[in-house]
Amino acid sequence: MDDRDVISDAAWAFIAPLLPSSDGRRGGQWRDHRQVLEAIAWRYRTGSPWRDLPARFGPWQTVWKRHDRWSTDGTYARLVTAAQAHADAAGDLDWLVAVDSTIVRAHQHAAGARRTPGGTTESQDLAA
């Protein structure tokens with residue numbers, strides 16, 4: 001494993017079987033899933049735009065398309081569910097939930113405030 005890699009071999013052994021297969025699909029050979037996941041992790045870790053992915057990850061369009069597809073087809077949801085189930089079975093997951101009941105009131109000029117035809121929302125103007 002390279003010192004810049006994010007996904008360990010043990011984690012990859014868990015993740016790999018849960019990812020979609022290219023069997024039975026049209027088109028050529030898919031880029032390696034591990035390389036694509038490393039690129040997605042690199043992008044989120046650095047906060048860089050997709051177009052600034054290093055060349056070692058391949059074309060940024062490939063990485064973005066795979067990320068977009070996995071976001072919409074439920075691949076990420078399956079990964080999270082499987083990881084939670086595995087951690088829960090091993091006793092590594094604590095289901096303690098903390099809820100914050102703080103209320104933050106926004107000013108009437110904040111987004112979502114009621115608008116009047118004249119463009120003003122001042123309370124004294126509305127009363128008049």
Side-chain angles (χ1 to χ4, degrees):
M1 183 166 90
D2 189 83
D3 63 335
R4 298 178 130 200
D5 288 341
V6 177
I7 303 171
S8 67
D9 292 335
W12 182 248
F14 178 80
I15 293 170
L18 301 172
L19 296 174
S21 171
S22 64
D23 294 340
R25 295 197 183 201
R26 295 183 324 168
Q29 189 80 3
W30 280 7
R31 182 165 293 278
D32 182 41
H33 284 325
R34 187 170 186 169
Q35 184 182 32
V36 171
L37 278 174
E38 291 285 346
I40 293 167
W42 181 90
R43 191 261 178 193
Y44 280 104
R45 186 177 61 231
T46 61
S48 298
W50 289 105
R51 292 176 185 259
D52 290 346
L53 281 174
R56 69 183 176 107
F57 294 125
W60 69 268
Q61 296 94 335
T62 302
V63 176
W64 180 85
K65 285 178 187 175
R66 188 93 46 95
H67 172 64
D68 184 57
R69 184 181 316 122
W70 288 349
S71 296
T72 56
D73 72 1
T75 299
Y76 288 138
R78 280 194 311 275
L79 287 172
V80 169
T81 302
Q84 286 175 337
H86 180 74
D88 194 29
D92 294 334
L93 190 60
D94 186 8
W95 289 100
L96 178 67
V97 177
V99 177
D100 182 6
S101 62
T102 304
I103 296 174
V104 178
R105 301 222 182 254
H107 190 269
Q108 62 188 1
H109 292 152
R114 182 180 56 212
R115 298 188 186 274
T116 59
T120 180
T121 57
E122 292 295 329
S123 58
Q124 62 270 19
D125 293 338
L126 292 174

Over 60° means perpendicular and under 30° means parallel, so tell me whether Y44 and W50 are parallel, tilted or perpendicular. perpendicular
Would you find a donor on one side and an acceptor on the other, under 3.5 Å apart, between the side chain of T72 and the backbone of D68? yes
Q84 side, atom CD; D92 side, atom CG - distance, nearest 0.5 Å: 13.0 Å
Please lay out, stage by stage, how H33 and W70 fare under the test side chain to side chain contact (heavy atoms under 4.5 Å, CB included). CA-CA 11 Å; H33 284 325; W70 288 349; 3.3 Å; yes
Quick check: closest heavy atoms across S8 and A11, and the distance to 0.1 Å? OG-N, 3.1 Å
W42 and S48: CA distance, side-chain angles, deciding distance, side chain to side chain contact (heavy atoms under 4.5 Å, CB included) verdict: CA-CA 8 Å; W42 181 90; S48 298; 3.7 Å; yes
Side chains of R66 and W30: does their closest heavy-atom pair fall under 4.5 Å? yes
Measure across R34 and I7 and return the closest heavy-atom pair with its distance rounded to 0.1 Å. NH2-O, 2.7 Å
Got more than 12 heavy atoms from elsewhere within 6.0 Å of CH2, W12? yes
Contact between R78 and L18 at the side-chain level, heavy atoms closer than 4.5 Å - yes or no? no
W60 and H67: CA distance, side-chain angles, deciding distance, ring-ring contact (aromatic ring centres under 6.0 Å, His included) verdict: CA-CA 11 Å; W60 69 268; H67 172 64; over 10 Å; no
For a 4.5 angstrom cut-off between non-hydrogen side-chain atoms, does R56 reach E38? no
Rounded to the nearest 0.5 Å, what's the gap from CD on Q61 to CG on L53? Could you check? 9.5 Å
Lys/Arg cation over aromatic W64: R51, 6.0 Å, 45° cone: no
Is there a side-chain contact between P49 and R43 (heavy atoms, below 4.5 Å)? no
Would you give the length of the straight line joining atom CG of L37 to atom CG of L19, rounded to the nearest 0.5 angstrom? 6.0 Å
